[in-house]
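Computed from heavy atoms alone, side chains included, the values below leave out hydrogens, waters and symmetry copies. Labels below follow one simple rule: chain letters A, B, ... track the order of the sequence lines, proteins then strands, and each chain is numbered from 1.
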Number of protein chains: 4
Amino acid sequence: MSAGDARSRKRAPGAAYDPRMAERPDPNDHPPRRSFIERARRAQIVEAATQVVAELGYAGTSLARIAEKAEISKSVITYHFENKDEILRLVVSQFFERGWERMSGHVEAESTASGQVRAWIGSQLEFYAEHRAEFLAMSQIMANHRTPEGSPAFAGELTEEVDALTEILQRGQRDGEFRDFDARGVATIILRCADGVLGSWAVDDSTRLVDQIPALLDFVDHAIRR
Amino acid sequence: MSAGDARSRKRAPGAAYDPRMAERPDPNDHPPRRSFIERARRAQIVEAATQVVAELGYAGTSLARIAEKAEISKSVITYHFENKDEILRLVVSQFFERGWERMSGHVEAESTASGQVRAWIGSQLEFYAEHRAEFLAMSQIMANHRTPEGSPAFAGELTEEVDALTEILQRGQRDGEFRDFDARGVATIILRCADGVLGSWAVDDSTRLVDQIPALLDFVDHAIRR
Amino acid sequence: MSAGDARSRKRAPGAAYDPRMAERPDPNDHPPRRSFIERARRAQIVEAATQVVAELGYAGTSLARIAEKAEISKSVITYHFENKDEILRLVVSQFFERGWERMSGHVEAESTASGQVRAWIGSQLEFYAEHRAEFLAMSQIMANHRTPEGSPAFAGELTEEVDALTEILQRGQRDGEFRDFDARGVATIILRCADGVLGSWAVDDSTRLVDQIPALLDFVDHAIRR
Amino acid sequence: MSAGDARSRKRAPGAAYDPRMAERPDPNDHPPRRSFIERARRAQIVEAATQVVAELGYAGTSLARIAEKAEISKSVITYHFENKDEILRLVVSQFFERGWERMSGHVEAESTASGQVRAWIGSQLEFYAEHRAEFLAMSQIMANHRTPEGSPAFAGELTEEVDALTEILQRGQRDGEFRDFDARGVATIILRCADGVLGSWAVDDSTRLVDQIPALLDFVDHAIRR
DNA sequence: AATGAATGAGGGTTCATTCAT
DNA sequence: TATGAATGAACCCTCATTCAT
């Protein structure tokens, strides 16, 4: 079966490994084979959606405005995507995936726990600073998108991230790098800290984010170091 | 246009002093004298709006749903308020004002700088923990509300807050309580940290917020102490 | 509470007693009090909907065309009715109710079973013949309307009708008016017979329906008489 | 436009002799020669359309859903058929043709008029009972399909059927089998009667149709017998 | 002080059909 | 022979706001 517009009906918003976005894995649900054109269009639309959300906010994002931004007709969007939900989820998952790839590389390159924590926070903030629009869009969507039933669509997506950082903190404690504290609680705090700083930058980019990174790294360092 | 009707057209969303919510001050724009009934209605509607935003999110909030929640006719809302914007701004400013009152009391009761920082964070989180719906509504509106032109309506509302905390940190440094750091940068970080923790609690209230407060206080303490 | 457009949200498409249309009774669900204007508008819209369905068929009926027929704006419709479904159900139930009133009067006026059968069929066909558009609309909607889940919305609405006619037939058998047959099966056949004749008239009104009534009465008479 | 493409543009929905479906005969419009593949594809699509109409109703039938049911691309449909109308007409005409073949065989095997009437009704109902989906689809389409101008597409398709049955009835009267009545009127009634019973079975198949056939035959027998 | 009525703009989505390959 | 891509029209419905009463 290969029914053009029917195709997107079958597929889950494909995402590679990703600690937050973990999709219920379905081995039978192989990703649809897409033509070059289709992949290009989908990328174009997701990109346009990202820009619109970043500029106009979640509530200001409509298919009409995405189409306008992409300079295509609204029908092109509904042809290539099942619905608006699919697009918004892709905006989040694709960007998150890219960020995670970058971060995990930097983290794994470090040997000490404190080095890994710094790499984690530093590379995360750097990455987001380099992709402000995508970050804004992701934030907006995660904060606002809901399931048809009304519950937040992206709740509880961050436990795996907390788990991973907790492990690093615990190793740091065993190795004597870090003082004694509740690793899980502090992992949450550190991640939320970074989010918070990003959030303030999100609403007001007058302070250049990259300039704040050293201060944050220093802050966290003092907070957890023995 | 009736007299009561005209009245709401003129007035600024009355708010006491408030470092974040500072309205463009207009000495000529004396607050409108409102009847008891009018004040009661406005309070009822703001309260209903708060609940709706907390439950359904910013994008899910409509005048119809606010009216339904308040068990009044939609027209009552448009009679007592100029437009939706006025209501949402009041949800934010009124709640922020109440929070600021609580916090400033606790902060001023402390003599040392570190005591004031702890009082600040602790009382802020406590207050929000006690008023989850209001906090959720405020967060949603601040993150989403836009001017008619499309720019965030609540950008740059936090500089005064940062200023106040910066002052405390600087005093702590002068008094030898805190180590050397960029006071303004760290003030921002601390405030964003608290916001971040609140944000994680907002999307997932399984972890009781009050239980996380000591950990956060401890975290900040170590981060800034000499 | 009395929120204008919210009002229709609460109410079931009101219908008096009616053997087919029997609504799940909810004693708490008192019918909404409607203003004169509202009742007039609703009647106007239901009437326009009836005409549109009769002329263009179920699939050709849209809110836009109903609005056009009623010479009002589309928004007026969505203001006075919850949705299209409510309108279509009213087209059916109101007309059926009126028909049932007429028929039951004629039936009860007869003393013999065979008189009642003739009164039933005759008055039913007469009534429909007098209200061709309403009958066509009712037929179209009953044949086509579905629940959101996809099952026919008006299935099983006719068992009570069959029950009532069955009773008459059985009495006729006890009284020696009718020959021996399966009363329930024949009741179904008679009712379907009348429906069938109506159906042929529905698609082709060249044959005047009232002229066919005596033939049908005669036909049924011979079929069931001793 | 390709050759194959052009082909379907020219052709009338081929149908053998059929008293109801009689197409405006055009001696010049010889049926298009179709390849084996084309014939197979067309049959497959008509079959899928039949199922979709039976399940989802006329208004719920779209080319997309037909394609989905047939597990082919939507374009395959528009390639092999000029438009949706052609498919729906074929669903009706092909099925009617098959039914007519079956019926006429049974009718011609009978010698008496009453035998022929019974054979007519009995074999018709039997045939439909054996092909419920096709019958439902045919009913839905005949009741709903319209010309582009909005008038019923299948109005007046039954006069030939009535003519044929009228002839049988008249012969029965001449032969003394049947009592005196208006043959044409009764022919219509009988046919509509059968349709009505089928219609009740269509919306509610809990009563097994074949079990009702004897009752209907008996009913008609008494109605017309001397 | 209150509200029922109305409305135009815009929301996301489905649809049959056209066209180039 | 087949189909992916595209599209404009139409669909029902929600919305904030205006107006007359």
Side-chain angles (χ1 to χ4, degrees), chain A residues 2-7 34-38 40-41 59 61-67 72-85 87, chain B residues 1-5 7 35 37-38 41 59-67 72-85 87, chain C residues 2-7 34-38 40-41 59 61-67 72-85 87, chain D residues 1-5 7 35 37-38 41 59-67 72-85 87:
Chain A
S2 60
D5 55 349
R7 201 181 290 172
R34 291 189 219 278
S35 72
F36 170 75
I37 288 186
E38 174 144 34
R41 271 282 193 236
T61 298
S62 68
L63 293 190
R65 277 203 260 255
I66 295 172
I72 57 180
S73 106
K74 209 170 58 167
S75 302
V76 178
I77 298 179
T78 60
Y79 173 70
H80 287 286
F81 292 90
E82 188 173 352
N83 51 27
K84 193 184 179 186
D85 174 86
I87 302 172
Chain B
M1 187 194 294
S2 76
D5 215 347
R7 201 178 295 168
S35 73
I37 287 189
E38 175 145 30
R41 273 286 196 225
T61 298
S62 69
L63 294 190
R65 279 204 259 253
I66 294 172
I72 57 178
S73 142
K74 212 171 50 174
S75 299
V76 178
I77 298 178
T78 58
Y79 173 69
H80 287 285
F81 293 91
E82 191 172 349
N83 52 26
K84 194 184 179 185
D85 173 86
I87 302 170
Chain C
S2 61
D5 55 349
R7 202 180 290 172
R34 291 190 220 278
S35 72
F36 170 75
I37 288 188
E38 174 143 33
R41 273 281 194 237
T61 298
S62 68
L63 294 190
R65 277 203 260 252
I66 295 172
I72 56 180
S73 109
K74 212 171 52 171
S75 302
V76 178
I77 298 179
T78 60
Y79 173 71
H80 288 285
F81 292 90
E82 190 173 351
N83 51 29
K84 194 185 179 184
D85 174 86
I87 302 172
Chain D
M1 189 195 294
S2 78
D5 215 347
R7 201 178 294 169
S35 73
I37 287 188
E38 176 145 28
R41 273 287 196 224
T61 298
S62 68
L63 294 189
R65 280 204 257 253
I66 295 172
I72 57 178
S73 142
K74 210 171 53 173
S75 299
V76 178
I77 297 178
T78 58
Y79 173 71
H80 286 286
F81 294 90
E82 190 172 350
N83 51 27
K84 194 184 179 185
D85 173 86
I87 302 170

Here the pair of heavy atoms bringing Arg65(B) nearest to Gly60(B) is NE-O, 2.9 Å

Contact under 4.0 Å: Ser62(A) side-chain N or O vs dG10(E) OP1/OP2
no

Length of the line joining Asp85(A):CG and dG11(E):P, which is rounded to integer Å
18 Å

If you measure from NZ on Lys74(B) to OG on Ser62(B), what distance do you get to the nearest 0.5 Å?
8.0 Å

Between C1' on dA5(E) and CD1 on Ile72(C), what's the gap in Å once rounded to a whole number?
12 Å

The answer to which of Ser73(C) and Arg65(A) contacts DNA chain E further toward the 5' end, by nearest nucleotide, is Ser73(C)

When the nearest nucleotide of DNA chain E is assigned to Lys84(A) and to Arg41(C) on a heavy-atom basis, which residue is associated with the more 5' position?
Arg41(C)

Select from Ser75(C) and Ala64(C) the residue whose nearest nucleotide in DNA chain F is closer to the 5' end of that strand.
Ala64(C)

I need the CD1-P distance between Ile77(C) and dG8(E), as an integer number of Å.
13 Å

Measure from CD1 on Ile87(C) to P on dC13(F) and round the result to the nearest Å.
8 Å

Is any side-chain heavy atom of Ile72(A) closer than 4.5 Å to one of Ile66(A)?
no

Calculate the interatomic distance between Glu82(A) atom CD and dT13(E) atom C1'; express it in whole Å.
11 Å

Could you tell me the separation between the CZ atom of Phe81(A) and the C1' atom of dA5(F), rounded to a whole number of Å?
14 Å

Closest heavy-atom contact between Ser73(B) and Ala67(B)?
C-CB, 4.0 Å

Leu63(C) side chain reached by Ile87(C) side chain, heavy atoms, under 4.5 Å:
yes

From dA2(E), dC12(F), dT1(F), nucleotide with atom closest to Tyr79(B) side chain:
dA2(E)

Does dA6(F) have its OP1 or OP2 closer than 4.0 Å to a side-chain nitrogen or oxygen of His80(A)?
yes

Could you summarise the pairing of DNA chain F as dot-bracket text, marking Watson-Crick and G-U pairs under 3.5 Å with ( ) or [ ] inside the strand and | across strands?
.||||||||||||||||||||

Whole-Å distance separating the NZ atom of Lys74(A) from the P atom of dT13(E):
10 Å

Go through dA2(E), dT1(F), dA16(F) for me and flag the one nearest to the Val76(B) side chain.
dA2(E)

Output yes when at least one side-chain N/O atom of Thr78(D) is less than 4.0 Å from OP1 or OP2 of dA16(E), else no.
no

Most 5' of Leu63(B) and Ile37(D) on DNA chain F, judged by nearest nucleotide:
Ile37(D)

Nearest 0.5 Å, please: how far is NZ in Lys84(A) from OG1 in Thr78(A)?
13.5 Å

Arg41(C) CZ to Tyr79(C) OH distance, which is reported to the nearest 0.5 Å:
11.0 Å

Nearest whole angstrom, please: distance from the P of dT3(E) to the CD of Glu38(C).
15 Å

